[in-house]
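Taking it in order: structure first as structure tokens, then the write-up.
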Amino acid sequence: MPVKPSPNLPNDLSIRLYPSLGLFEGTTVSVGRGTAFPFQALGHPADREGDFSFTPQPVPGASENPKHKGLELHGDDLRSADPQSRFSLEPLLSWSQRTGEVPQDFFSRAAFFDKLAGTDALRKAIIAGQDADQIRASWQERLMAFHTQRQPYLLYPED
């Protein structure tokens with residue numbers, strides 16, 4: 001039987017969604033901690049776009065004090081998402097508008113968000129209103145430098 005890498009990553013789908021949803025830990029949006037489906041839902045008390053609701057409660061050993069504990073949250077049930085999901089900026093960009101909060105409030109733990117993202121550039125790009133294509137384009141120069149730097153260390157040819 002597979003071993004969970006974390007009590008809050010209970011299945012393959014949660015693990016697949018984690019790269020996209022983990023950034024929400026630095027925002028006011030819940031990722032479903034305190035439910036039976038952590039990292040498989042997004043919710044916020046002020047959301048009116050989603051057709052799903054859940055109420056985070058303490059889960060011993062997994063989420064003792066979940067974000068928005070005891071409040072009914074509205075949002076998105078991601079449990080039927082493509083199991084081959086890859087990193088996507090779209091949920092973060094969408095939810096940065098859906099809560100109705102100003103950026104300083106949406107990024108409730110800005111320093112933690114920056115730590116998760118590796119820099120403050122992503123948060124600042126979202127605040128500036130950049131779209132996913134603009135944000136991805138800003139990564140290209142450093143990404144190409146990384147590809148060049150790693151080349152001598154590859155054991156197998158790239159596909």
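Because only heavy atoms are used, hydrogens play no part in the values below, and waters and symmetry mates are left out as well, while side chains stay in. Here the structure is a predicted model, which is why all the values come from computation and not from measurement.
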To the closest 0.5 Å, what do you measure between CZ (R48) and OG1 (T99)?
11.5 Å
Taking salt bridge (Lys or Arg N to Asp or Glu O under 4.0 Å) as the definition, give me every residue that meets it alongside E25, ordered by chain and number, with sequence neighbours left out.
R33
Is it the case that the side chain of H68 and the backbone of T28 share a donor-acceptor pair, with hydrogens and angles ignored and the cut-off at 3.5 Å?
yes
Greater than 12 external heavy atoms within 6.0 Å of D51's CG:
no
May I ask you to decide if N65's main-chain N or O and S63's side chain share a donor-acceptor pair within less than 3.5 Å?
no
What residues form a salt bridge (Lys or Arg N to Asp or Glu O under 4.0 Å) with R16, not counting sequence neighbours?
none
How far does CG of L42 sit from CZ of R98, to the nearest 0.5 angstrom?
7.5 Å
Can R150 and E158 be counted as an ion pair, charged N to O under 4.0 angstrom?
yes
In this structure, are over 12 heavy atoms from other groups packed under 6.0 Å from Q140 atom CD?
yes
Does anything in residues 112-145 form a ring-ring contact (aromatic ring centres under 6.0 Å, His included)? List the pairs, not counting sequence neighbours.
F107-F113
With no hydrogens and no angle check, is any side-chain donor or acceptor of T35 less than 3.5 Å from a backbone partner on P56?
no
Residue D12 excluded, over 12 heavy atoms near CG under 6.0 Å:
no
